[in-house]
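Here the structure comes first, spelled out in structure tokens, and everything after it is commentary.
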Amino acid sequence: MNSTDLRTFAEGRTLDALRGEANTFCESVWGKRVFVRGLIEFSNHCARNCLYCGIRGANTRVARYRLSSDEIVGIVREGFRLGIRTFVLQGGEDPFLSVLDHCRTVERIKDATEGTAAVTLSLGIRSRSEYAALKAAGADRYLLRFETSDETLHTRLRDGVPFAARRRALDDLKELDYEVGSGFMTGLPGETEETFYENVLLCKTLELDMVGIGPFIPHPDTPLWSDAPPSLERTLRAVALVRLLLPMANMPATTAAGSIDPLGREKMLLSGANVLMPNLSPSEAKRRYLLYPGKVCLDEDGSACLSCLSARVLRLGKELVFDRGDSRSAELRHAG
Ligand code: SAM
Ligand code: SF4
């Protein structure tokens, strides 16, 4: 299938029909289950300057912070006590933290959870040997969105970082046997209809285990401050199409969707998404990790967040579950 075929398919259906098909398809694999991942935003220091991102290194208005390994492990212990079995460590490309620092933290998380919790990292582009060291330390999964499949746009928006570097990193992660997650923002300035459908198709080409899709939301202290955010419909369409192409992948209902529409995450869960990521970071860190304005749930602690999400999910006729929830595609790879 090429992007023209995909577009013809998508435009032949209403958005509601597409979402309904994707939700049915999702439930045929995952049932009514919505998996929980505890998100920890460990640092907002970043050496990169992606034009869209509120914590880009050049933004001098950000109050920078970095959680210590002790703080991260403390958050994990509390999340584990609440039942969470997957922890996602996400942050900027922080030059102060070496790969050995990250390895040590991963090992400590594994110890603290008796080896039962999955550790997902989202630390940006690293060398293959660094990814290998992190895997050996116990990391199970890695999230690295490609952001856009348009190579020229990618280089411009990521301030000179070529698309090929992202692609190489994703290939390395796959070869090192990580569960690999990637994805894109919808409505980035310069995105065409063709790019949109190419983004969806690239998720399939990469045979991703996890796919994160969210709307681009302009941050006032970035070069893209004056661009308009896309409608949520664009994200819902993307999620539904990816779900139809990748039934066995895990797909989060992203915080960015909840930030442009109070029911954004619920709408994503009815469009093929099957994961929620409550933010376990301390409130002060959440406030400083502002990729875009309007971020939700800044004050709730982990337990309040889980109760709120559980009630929201129940209202959809679905159920919040705490299993590790490995992607079916990774399970099949390992079985085969
Ligand atoms: N530094 C790592 C990286 O770039 O992969 C991980 C952290 S980065 C902040 C996580 C994701 O935030 C990016 O992949 C990007 O899609 C998203 N993001 C950044 N700025 C955004 C914005 N203005 N609106 C919506 N999402 C944004
Ligand atoms: Fe840094 Fe990631 Fe933000 Fe780019 S998107 S500036 S790499 S934190």
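Sequence positions, counted from 1, serve as the residue numbers for this chain.
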Between [X] and [Y] (salt bridge meaning N to carboxylate O under 4.0 Å), is one present in this structure?
X	Y	result
Glu175	Arg128	yes
Glu233	Arg237	no
Glu147	Arg166	yes
Lys110	Glu107	no
Arg48	Glu93	yes

With a 3.5 Å distance limit and no angle check, can you tell me whether [X] reaches the backbone of [Y] through a side-chain donor-acceptor pair?
X	Y	result
Arg243	Leu246	yes
Thr105	Asp101	yes
Lys295	Tyr289	yes
Arg85	Phe80	yes
Lys318	Leu269	yes
Arg64	Asn44	yes
Lys286	Glu300	yes
Arg141	Thr120	no
Asp323	Gly325	no
Thr222	Pro218	no

Centre-to-centre under 6.0 Å for His154 and Phe184, is that the case here?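 That pair fails the under 6.0 Å test.
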
What distance do [X] atom [atom1] and [Y] atom [atom2] have between them, rounded to the nearest 0.5 Å?
X	Y	atom1	atom2	answer
Tyr142	Leu173	OH	CG	6.5 Å
Phe9	Tyr197	CZ	OH	10.5 Å
Met277	Cys305	CE	SG	11.5 Å
Leu6	Lys204	CG	NZ	12.0 Å
Asp94	His45	CG	NE2	5.5 Å
Met185	Thr148	CE	OG1	9.0 Å

Test side-chain contact (heavy atoms from CB on, under 4.5 Å) applied to Leu157 and Leu188, step by step: CA-CA 9 Å; Leu157 294 181; Leu188 278 172; 3.8 Å; yes

Under 4.5 Å between side-chain heavy atoms, hopping through other hydrophobics if needed: is there a path connecting [X] to [Y]?
X	Y	result
Val36	Trp30	no
Leu280	Leu276	yes
Tyr131	Phe42	yes
Ile125	Leu51	no
Leu121	Ile84	yes

On a heavy-atom basis, which atom in [X] and which in [Y] lie closest, and how many Å separate them?
X	Y	answer
Pro278	Arg37	CD-O, 3.1 Å
Pro220	Trp225	O-CB, 3.4 Å
Pro282	Ile75	CD-CD1, 3.8 Å

Does the side chain of [X] pick up a donor-acceptor pair with the side chain of [Y] at under 3.5 Å?
X	Y	result
Ser69	Arg108	yes
Thr192	Thr195	yes
Asn250	Asp209	no
Gln90	Ser122	yes
Arg19	Ser271	yes
His334	Asp326	no
Thr14	Asp16	no
Lys32	Asn274	no

Ile260 and Thr235: side-chain contact (heavy atoms from CB on, under 4.5 Å), yes or no, with the steps? CA-CA 11 Å; Ile260 60 166; Thr235 297; 5.7 Å; no

Report yes if some heavy atom in the side chain of [X] is under 4.5 Å from a heavy atom in the side chain of [Y]; otherwise report no.
X	Y	answer
Leu123	Leu134	yes
Leu202	Leu206	yes
Val88	Ile40	no

Stepwise side-chain contact (heavy atoms from CB on, under 4.5 Å) check, Met248 with Leu332: CA-CA 10 Å; Met248 292 187 282; Leu332 285 178; 3.4 Å; yes

So Phe96 and Arg66, side-chain contact (heavy atoms from CB on, under 4.5 Å) or not? Walk me through it. CA-CA 9 Å; Phe96 182 80; Arg66 174 182 299 120; 3.1 Å; yes

Tell me whether the guanidinium CZ or amine NZ of Lys135 lies under 6.0 angstrom from the six-membered ring centre of Tyr178 and within 45° of its axis.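 Verdict for Tyr178: a cation-pi partner in Lys135.
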
Phe196 ring centre to Arg234 NZ or CZ under 6.0 Å, with the angle to the axis within 45°?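 Yes, Arg234 sits over the ring of Phe196.
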
Does Glu194 CD have over 12 foreign heavy atoms under 6.0 Å away?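 At most 12 heavy atoms, drawn from other residues, nucleotides or ligands, come within 6.0 Å of this atom.
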
